[in-house]
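None of these values were measured; they are calculated from a predicted model.
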Amino acid sequence: MAAALDRAAFFAAVRNTPFGGSLSQKQVDGMNALLDACPPAMETSPLAYCFATTKWETGHAMWPVSENLNYSTAARIRQVWPSRFPNDASAQPYVRNPQALANKIYGGRLGNKLPNDGWDFRGMGDVQATGRDNARRATGRLRDLGYLTKDQDLEVTPTLMLDPFIAAAMLYTGLSEGWYTGRKLSDYFEPGRENPIAARAMVNPDSNGVAIAGLHSGFKAALVAAGHKSNAAAASVPTPPVTTAPLPVPSLPEVISQIPVEPLPVPTPLPAPIAPAEPKPGLFARMAERLRIAFPIKKV
């Protein structure tokens, strides 16, 4: 699993467009993770849209992040969620209070049911998947596909969505299967047909479709310049040659000559034997001797 393309050519192209002339190491690492996890059958245009979505949703970091809900003004909070905050006074308690804001806007929906679920399941990863329902769905599907082990559970440990490999799997699989809004890549990208502006509806039906379509155009041009082809084998990573010749077998005289020979130690003389001590008479012997002395045998 990996995208088949010339990575040096790809990075040279995206450095200019859409990144405006410079790339950070973190951005390079994030895009390498996306290329490594790319389904081989994915065509160039939908792959470019996945990259464009990641750039937009991660704030151009190209690396899995948690949703930033630390807003500095009530007006900005109302701008983002106008239906939830009718006036500045209703939004003011949530200024620079991201945890409370998350629980306010996400609590009680998207499968969230515990008091802190809005915060624990705020947007995460490359696509900013939000809510307990998405974590549960992703856990089951990614286990089936082999992206997660049976011990890994995004509902139990939602921060696993910040792992770059897991985040990439949620991006590709989620957009391909329509996890987030029911819309999927095949609704907008087919051979000879693409609609990157309307494709924004796969993630969020907001007004950012035109901006993301511009990013899609830059990534698509870079992929084409790098020779991306679907269903092609990715170039293998070169490894240094390893010598596998067997070690020479030494001859018997050589082996014998290498065995250290030490002189035998001079034996220590045995000590002179110790004469056994005279045994002391036992109790009955001593009593018999006393009787013999007390009652000598008289001669008749």
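Atom OH of Y172 and atom SG of C50 lie 6.0 Å apart (nearest 0.5 Å).
The nearest pair of heavy atoms linking A9 to A226 is CB-CA, 4.0 Å. The shortest heavy-atom contact between A168 and A37 is CB-CB, 3.7 Å.
Counting only N and O atoms by type, the side chains of N70 and N68 include no donor and acceptor under 3.5 Å apart. No donor-acceptor contact under 3.5 angstrom links the side chains of Q92 and D88, judged on distance only. Between the side chains of E67 and Y106, a donor-acceptor pair is found at a separation under 3.5 Å.
Salt bridge annotation for R136-D133: present, with a cationic side-chain nitrogen under 4.0 angstrom from a carboxylate oxygen. By the 4.0 Å N-to-carboxylate-O rule, R7 lies close enough to D36 to be salt-bridged with it. A salt bridge links R200 with E57: the closest approach of a Lys/Arg side-chain nitrogen to an acidic carboxylate oxygen falls below 4.0 angstrom. A salt bridge between R141 and E177 is present, with a side-chain N of the basic residue lying under 4.0 Å from a carboxylate O of the acidic one.
Taking the six-membered ring for Trp and the full ring otherwise, the centers of Y147 and F165 sit less than 6.0 Å from each other. The aromatic ring centres of Y71 and W81 sit less than 6.0 Å apart. Ring-centre distance between F10 and F51: below the 6.0 Å cut-off.
When the shell of 6.0 Å around CZ of R143 is examined, it contains more than 12 heavy atoms from other residues, nucleotides or ligands.
Between F189 and H216, the ring-plane angle classifies as tilted under the 30° and 60° cut-offs.
The closest side-chain heavy-atom distance from Y188 to Y49 is not below 4.5 Å. The side-chain heavy atoms of R132 and L114, taken from C-beta on, include a pair separated by under 4.5 Å. Counting only heavy atoms from C-beta outward, the side chains of F121 and L110 never approach each other to under 4.5 Å. In this structure, M202 and W179 have side chains that are not in contact, with every pair of non-hydrogen atoms separated by 4.5 Å or more.
A cation-pi arrangement is present between R122 and W119 under the rule of less than 6.0 angstrom and at most 45 degrees off the ring axis.
Screening N112, N97, N116, D120 for a side chain to side chain donor-acceptor pair (under 3.5 Å) involving N103 leaves a single residue, N116.
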